[in-house]
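A short write-up of the structure that comes next.
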Amino acid sequence: MKVMEKVLEIKNLRTYFTLMEGTVKAVDGVSFEVRKGEILGLVGESGCGKSVTAQSILRILPENGRIVSGEILLHNENGVIDLAKLELDSEEMRQIRGKEISMIFQEPMASFSPVYTVGAQMMEAILLHEDVSKAEARRRVIEMLKKVKIPNAEKVVDMYPFELSGGMLQRCMIAMAMSLNPKVLIADEPTTALDVTIQAQILYLMKELQKEYRSSIVLITHDMGVIAQMADRVAVMYLGIIAESGDVYEIFKNPLHPYTRALLKSIPKLGVRKTRLEAIKGVVPDPYNFPSGCRYHPRCDHFMKGLCDVKEPVDVEVAPGHTVKCFLYGGERS
Ligand SMILES: Nc1ncnc2c1ncn2[C@@H]1O[C@H](COP(=O)(O)OP(=O)(O)OP(=O)(O)O)[C@@H](O)[C@H]1O
Ligand code: SF4
Ligand SMILES: [Mg+2]
């Protein structure tokens with residue numbers, strides 16, 4: 001089996017928030033790698049630490065958050081850089097943000113300032129990182145807008161964000177993120193705010209661009225349906241840890257962690273109208289006090305008393321590249 005080149009490696013990352021009420025261990029020992037030209041899906045319920053993982057990688061955490069330990073290794077022509085060790089506002093980190101790793105957010109309005117035209121903001125990103133003339137930057141912006149299938153790109157370039165629909169704005173954000181041809185694109189719920197038809201179009205577009213540019217994408221979502229449609233590999237996150245990871249076919253064919261199985265059950269079936277996804281049993285625990293042992297144990301149908309509530313399961317590799325943290329598959333069980 002050909003092992004693909006790694007572009008980003010997250011090793012045992014811990015990111016905590018300090019609040020009056022206590023410490024929130026939002027990311028609590030996360031490891032995964034992103035390979036060249038692949039889409040890695042990071043999936044899990046609300047609050048499990050997906051966005052904080054992304055913010056840690058780009059070093060754009062809110063002020064009360066900090067990386068406590070771990071490594072974020074970016075592989076590039078100059079070797080390997082540990083982003084966790086760079087100063088937040090260092091020139092090196094600024095160069096990496098946008099140029100080597102860029103991000104698309106759920107809410108495009110959050111990425112565009114309302115007071116400048118879309119084109120001006122996209123040009124600024126190019127001018128910041130590359131030594132090109134304004135005319136060349138504008139030409140590139142229009143070319144990118146056409147690539148993301150914006151009709152009338154020559155006009156849209158001079159429009160303000162409020163003049164565009166949510167779907168159009170999301171296309172502009174993808175164009176902006178891709179305009180510097182980054183190694184890694186982190187897309188945090190890029191289509192959640194859009195209606196289903198637009199969502200499908202945007203996902204399709206992202207996949208097309210990813211193939212053309214051979215970029216790697218970390219696609220963050222709570223929706224296993226999106227993962228099935230888009231991802232090559234998947235990492236299932238639960239309360240700050242990766243519960244299971246592997247090739248997308250393997251995970252769908254042979255999901256092992258009880259949490260992954262529950263997530264898969266929550267995919268809406270084609271043709272069955274549901275206003276809400278089937279919720280997974282139990283509530284997500286209080287973020288200040290994670291359950292002892294396996295943190296999924298209060299919600300798990302396979303809970304083994306005296307083991308699951310006492311010891312924390314570690315990764316077991318059940319097949320090449322398929323790992324799971326659960327005592328049902330080894331570890332401490334005897
Ligand atoms: N600035 C902050 N201060 C304190 N806690 C925070 C902060 N930002 C995030 N958290 C906490 O960190 C945990 C992980 O949050 P995160 O936003 O990464 O979840 P998520 O998986 O992205 O969820 P969603 O699907 O809702 O976007 C949550 O418990 C959240 O409340
Ligand atoms: S370790 Fe135990 S509680 Fe945790 S998922 Fe596996 S069976 Fe369930
Ligand atoms: Mg989030």
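In this text the structure is predicted, and so the values were computed from the model without any measurement. All ligand and atom numbering here is 1-based and tracks the order in the structure.
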Could you check [atom] against the protein and tell me its nearest heavy-atom contact, residue, atom and distance included?
atom	result
atom 12 (O) of ligand 1	Ala26 CB, 3.3 Å
atom 4 (Fe) of ligand 2	Cys294 SG, 2.3 Å
atom 23 (O) of ligand 1	Gly47 N, 2.7 Å
atom 25 (O) of ligand 1	Lys50 NZ, 2.9 Å
atom 26 (O) of ligand 1	Ser46 OG, 2.5 Å
atom 3 (N) of ligand 1	Asn64 ND2, 3.1 Å
atom 17 (O) of ligand 1	Ser51 CB, 3.7 Å
atom 11 (C) of ligand 1	Val24 CG1, 3.9 Å
atom 10 (N) of ligand 1	Phe17 CE1, 3.6 Å

Any protein heavy atom < 4.0 Å from atom 31 (O) of ligand 1: no
Ligand 2 contact on His257 by region, counting heavy-atom pairs under 4.0 Å: side chain
Mode of Cys326 contact toward ligand 2 - side chain, backbone, both, neither (heavy atoms, under 4.0 Å):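 Contact part for Cys326 vs ligand 2: both backbone and side chain.
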Least distance between heavy atoms, Gly44 atom then Leu263 atom: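 Where Gly44 meets Leu263 most closely, the heavy atoms are CA-CD1, 4.4 Å.
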Heavy-atom closest pair, residues Ser56 and Ile67: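 What the structure gives for the nearest pair is O-CD1, 3.8 Å.
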Hey, are [X] and [Y] close enough for a salt bridge, meaning a charged N less than 4.0 Å from a carboxylate O?
X	Y	answer
Glu87	Arg94	no
Asp28	Arg295	yes
Arg140	Glu143	no

Near [X], which atoms of ligand 2 are under 4.0 Å from a heavy atom of that residue?
X	result
His302	7 (S)
Pro258	5 (S)
Phe327	1 (S), 6 (Fe)
Cys300	3 (S), 5 (S), 7 (S), 8 (Fe)
Cys308	1 (S), 2 (Fe), 3 (S), 7 (S)
His297	3 (S)

From Glu244, Lys325, Glu45, residue fulfilling side-chain hydrogen bond (donor to acceptor under 3.5 Å, both in side chains) relative to Tyr259: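 Of Glu244, Lys325, Glu45, side-chain hydrogen bond (donor to acceptor under 3.5 Å, both in side chains) with Tyr259 is met by Glu45 alone.
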What distance do [X] atom [atom1] and [Y] atom [atom2] have between them, rounded to the nearest 0.5 Å?
X	Y	atom1	atom2	result
Arg214	Glu38	CZ	CD	11.0 Å
Asp158	Arg138	CG	CZ	4.5 Å
Phe32	Glu9	CZ	CD	11.0 Å
Lys183	Asn76	NZ	CG	5.0 Å

N/O separation below 3.5 Å, Val52 to ligand 1: yes
Polar contact flag for Thr53 and ligand 1 (N/O pairs, less than 3.5 Å): no
Pro62 contact mode with ligand 1 (heavy-atom cut-off under 4.0 Å): side chain
